[in-house]
Number of protein chains: 2
Amino acid sequence: MSPKITTELLKQLRQVMKNPRYVQEPVQAYIVPSGDAHQSEYIAPCDCRRAFISGFDGSAGTAIVTEQHAAMWTDGRYFLQAAHQMDSNWTLMKMGLKDTPTQEDWLVSVLPEGSKVGVDPFIIPADQWKTMSKALRSAGHDLVPVKENLIDTIWTDCPQRPCKPLITLDLSYTGVSWRDKIVALRSKMAERKVMWFVVTALDEVAWLFNLRGSDVVYNPVFFAYAVIGMNTIRLFIDGDRIMDPAVREHLQLDSTLEPEFKIQVMPYGSILSELQAVGAGLSPKEKVWLSDKASYALTEAIPKAYRYLTPYTPICIAKAVKNAAETEGMRRAHIKDAVALCELFNWLEKEVPKGTVTEIVAADKAEEFRSQQKDFVELSFATISSTGPNGAIIHYKPVPETNRTLSVNEIYLLDSGAQYKDGTTDVTRTMHFGTPSAYEKECFTYVLKGHIAVSAAIFPNGTKGHLLDSFARSALWDCGLDYLHGTGHGVGSFLNVHEGPCGISYKTFADEPLEAGMIVSDEPGYYEDGSFGIRIENVVLVIPAETKYNFKNRGSLTFEPLTLVPIQMKMIDVNLLTEKECKWVNEYHQKCREVVGAELERQGRQEALRWLLRETEPLGRAQ
Amino acid sequence: MSPKITTELLKQLRQVMKNPRYVQEPVQAYIVPSGDAHQSEYIAPCDCRRAFISGFDGSAGTAIVTEQHAAMWTDGRYFLQAAHQMDSNWTLMKMGLKDTPTQEDWLVSVLPEGSKVGVDPFIIPADQWKTMSKALRSAGHDLVPVKENLIDTIWTDCPQRPCKPLITLDLSYTGVSWRDKIVALRSKMAERKVMWFVVTALDEVAWLFNLRGSDVVYNPVFFAYAVIGMNTIRLFIDGDRIMDPAVREHLQLDSTLEPEFKIQVMPYGSILSELQAVGAGLSPKEKVWLSDKASYALTEAIPKAYRYLTPYTPICIAKAVKNAAETEGMRRAHIKDAVALCELFNWLEKEVPKGTVTEIVAADKAEEFRSQQKDFVELSFATISSTGPNGAIIHYKPVPETNRTLSVNEIYLLDSGAQYKDGTTDVTRTMHFGTPSAYEKECFTYVLKGHIAVSAAIFPNGTKGHLLDSFARSALWDCGLDYLHGTGHGVGSFLNVHEGPCGISYKTFADEPLEAGMIVSDEPGYYEDGSFGIRIENVVLVIPAETKYNFKNRGSLTFEPLTLVPIQMKMIDVNLLTEKECKWVNEYHQKCREVVGAELERQGRQEALRWLLRETEPLGRAQ
């Protein structure tokens, strides 16, 4: 990796920072965040502006350019990468270290008195604007919105914004029509006495209209906004994709409809002016509902007194609770995914000893087996295929420079998943293709105990996920071990593999109460720097639990694993398991055997079936 | 209980609300919170203004009086009591019910346009002022500080503010001199670059100066403030108690001292003007540190730009971590407390079958036994002595109207504690003096399993208490049961029995990371309305844990029970315990036997000793 030479680019950027064509007054600093206008986790190439200006293309980072300086804030995952990718024009600001200034403090320390700091108001979320603006103001500076993105003005070969065809999902996949979703949304709006709801997150637009796209990698979404009134529906979307007869039929664009279900299709770029018109036309007490993570530009379009901001939108919450059709789809997707992994692990067992399988080869092979399954669309995230010391890098992705060959002497960790038209998968298995050491087995077994403790937990309806996080760690804690990430995240239904508003983490911010129908991951781990990584991850469905008693009639919940892939028995130290835990493993494997076995049989995959049967024999102790 | 007749009082209050002698402009509403100027949990009689004006004397409630209305907000614990104690002038606002308006919403609904709402700025914490003021302002009203407390102007027979003698604590109790505490505080101030620290909480003043008092029931504190500068110490305290030679000697008031350790004693009432003088004399960048729960009056004395507000003060955090002398004192106090309870339970076992022991008699007997112990000062809270259905009332305190007789047919729950000069205790035991039912034993055993799960937990240094809360509930959750209170609170060292900033609760607000030396309670329970209550509470000390490994060199913690009182074995269903849990009970009882047994022996309490030995025989299963 050689650094990107940015001298000329920075010169150009500093020119446009003073060019009255783009800025009302010169700005002494310009902030380049890494997000897009929808606060997406994965962004399109045309939105990779921070990578363009700096060369640093990690998933998290904020660049700030002043007349004299160029600085990049990123976190511990990316210190090395950013240092390699950026040239000497840039100063790396290592977030999380004690002496690293915040962006605000740094700006205050380097700016001349009374400076203007510019930022694209479409890229910065309203809540971040507020914090930054307040800090700058108290030091005598101003944060100002710069309408035209200054990076775009100098990015001559900027790729086009993607505008790929849409996929329509019928009731057999979604369970609820977009009309009924609009009705439910309007009833939530009526409850809160708001007249308008602005849909800004891409997965929320996709979910609401039962459409999918492929504008962004891994997330089956498309660039669009929507504004839902009590009597109107406006969809802001570009391209001729809306001329596709299937899409027109699906959205009933050419049918005679009650006016309140008639969708007005408008250009993607007209959202701001349309929203400003809505804002200007509000009567007293008419509120407009927005996520507090919506962009500053859209938030500002609504006068402050008329805004109703919440951390979670009603769509985010409705989307998290899967209905029967979605749940069944998720089950099907996970069975197909298990078939692919049985094939993969059977293949790896034969090939690894030959010394020809690298992390990249294994990842490609996993994709190949998945792509053979019905309704496969794409991967749901970049495959983490890591062996030996690479396994300890939690967000590892094999690249040629780091690509390691799998062997019978090292632990192999595979965290992977796919988008199928009927569901999204995300599974991690940790395997050894030779003989694991006693210590490796010990650590693996503690992780397994944590996995089971969450998966088998029974807890009251409405419990928040953070209250379950310690169950996953207890066995590790007993021996002085731990892992430095959360235990689980929400999973979409043929949508984003990471979604709000629920999860299982010691961090308490994304944590709406759990209810039946929600789907989260259960993925404790243990990582030893420089030697190995262990993680055991299933996607699990929140289901009602039968209990002996029922305190205050609240009802109880537990989890049903949707992922049905064997947990490698040679990694388990059976003596460390309780009887109950042994029983859990055996029942889980029995279910893998029956459900995935039947599908392997149906698909005529006899060799993988034999592998499955061998890998799901009952564990010794609980026989 | 007949209600207090408040017609005349309300008339008088409404007059002073318009009297230019007390208010600059008439106020259309007056708020009477239940706190004192220090946000104390227990308040002195002269501060019971809300009880005086309304008749309602529960521990939580806020009264608001307008020209037309008088309304009282309180929570579920007090709905019945408030309804009984208040006459028809008052409207009860049941907090927590869906249709109950907030104080702000109610005020907005009843006030004429552009109203003034008055409140004593010394009683309302700054953070509450902010919320209330903002809500009123957005509806066109104003929250105004009324300097003279309007209740005091009409409370002709208001008791005097207590001004009881002080107790000085030497190094053998405190471990650290007040001088060294000041030095440590100043170093924390220097770290945060603040020049002044204002001590407003009574237990923080007491802790800082190694003094105790008895101005307030149960909490060994005295009315005072302190303002600590980098070179000055000001103590605001009334009465001739400061003339006591022991106190003068302790504070070195008459010694020649370096000026930065010279304590200036000033009248309690002069805090505001002195603080205003400090505020007026600040140079740029000189900050003043206050708790964000300090009163609005004191907070306002410092211009906004100079305030440094935090939820926990450095004293609150330092006070929570007990040093060796404090820990040893707490151990001694708990051994003496256990002696008293062995005597009590032995006595109850003999007396209860006679049918003559009521809840009040039992509570008095407990106090009697405790008062026989060395350095006993007073109880640390109102004894919860409850049998049968009264046990299900979590905050029960026996009064003649509810007083029930203990019998061999009902469960008895005793939650009690004391202040000794060397430590503070708080212990709950649940006993049966006849034969408990299988169901009672089952519930008790789940609670015990939860108690043990917390007490024996091993967790990383710096873990927040809320991450341990679910361990206490897991066994109950498995059967669909739960309890509706937190699992533990911080405990002071001969100070408040409830103190911040740590605890163990699903609520995450009072939750600084746990570290060795902190002391909390471990008190899961189970309550069945109308039939019984179960709670098992020990006070436990956070100690370093030995573990097999040591991830990232963080170190691990666990708990050591300071409370050493047998857990009644006839309530335990041994078959529901794991081997590990049985072992925990047996080892705990072995320690009670050895440590408390030796003290009973020393005190010549043979009968209680025999009771202890019988109650601490090893449990069957683990033998």
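Every chain is numbered from 1 and lettered A, B, ... according to where its sequence line falls, protein lines coming before strand lines.
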If I measure from the heavy atoms of chain A, does B:Arg554 come under 4.5 Å with its side chain, its backbone, both, or neither? side chain
Closest approach of B:Leu481 and A:Phe551, non-hydrogen atoms and distance? CA-CB, 3.9 Å
Residues A:Asp482 and B:Pro460: closest non-hydrogen pair is OD2-CG, 3.7 Å
Of the backbone (N, CA, C, O) and the side chain (C-beta and beyond), which part of A:Ser138 lies under 4.5 Å from a heavy atom of chain B, both, or neither? neither
To the nearest 0.5 Å, what is the distance between OG (B:Ser474) and CG (A:Leu468)? 9.5 Å
When every non-hydrogen atom of A:Thr547 is compared with those of B:Asp478, the smallest separation belongs to CG2-O, 3.9 Å
To the nearest 0.5 angstrom, please state how far the CZ atom of B:Phe471 sits from the OG atom of A:Ser470. 4.5 Å
Calculate, to the nearest 0.5 Å, the distance between atoms SG and CG belonging to B:Cys479 and A:Asn550 respectively. 12.0 Å
A:Leu467 and B:Arg473: side-chain contact (heavy atoms from CB on, under 4.5 Å), yes or no, with the steps? CA-CA 10 Å; A:Leu467 293 171; B:Arg473 298 176 200 273; over 6 Å; no
Hey, what do you get for NZ (B:Lys580) to OG1 (A:Thr578), rounding to the nearest 0.5 Å? 11.0 Å
Atom OH of A:Tyr506 and atom OG1 of B:Thr463: how far apart are they, to the nearest 0.5 Å? 11.0 Å
Is A:Tyr526 in contact with chain B via its backbone, its side chain, both, or neither, using a 4.5 Å heavy-atom distance? side chain
When the 4.5 angstrom heavy-atom criterion is applied to A:Lys464 and chain B, the contacting part is neither
Hey, are the side chains of A:Tyr549 and B:Tyr439 touching, using non-hydrogen atoms and a 4.5 Å cut-off? yes
Once you measure the plane-to-plane angle for A:His466 and B:His466, does it fall in the parallel (<30°), tilted (30-60°) or perpendicular (>60°) bin? perpendicular
For B:Ser556 and A:Gly480, the nearest pair of non-hydrogen atoms, with its separation, is OG-CA, 3.8 Å
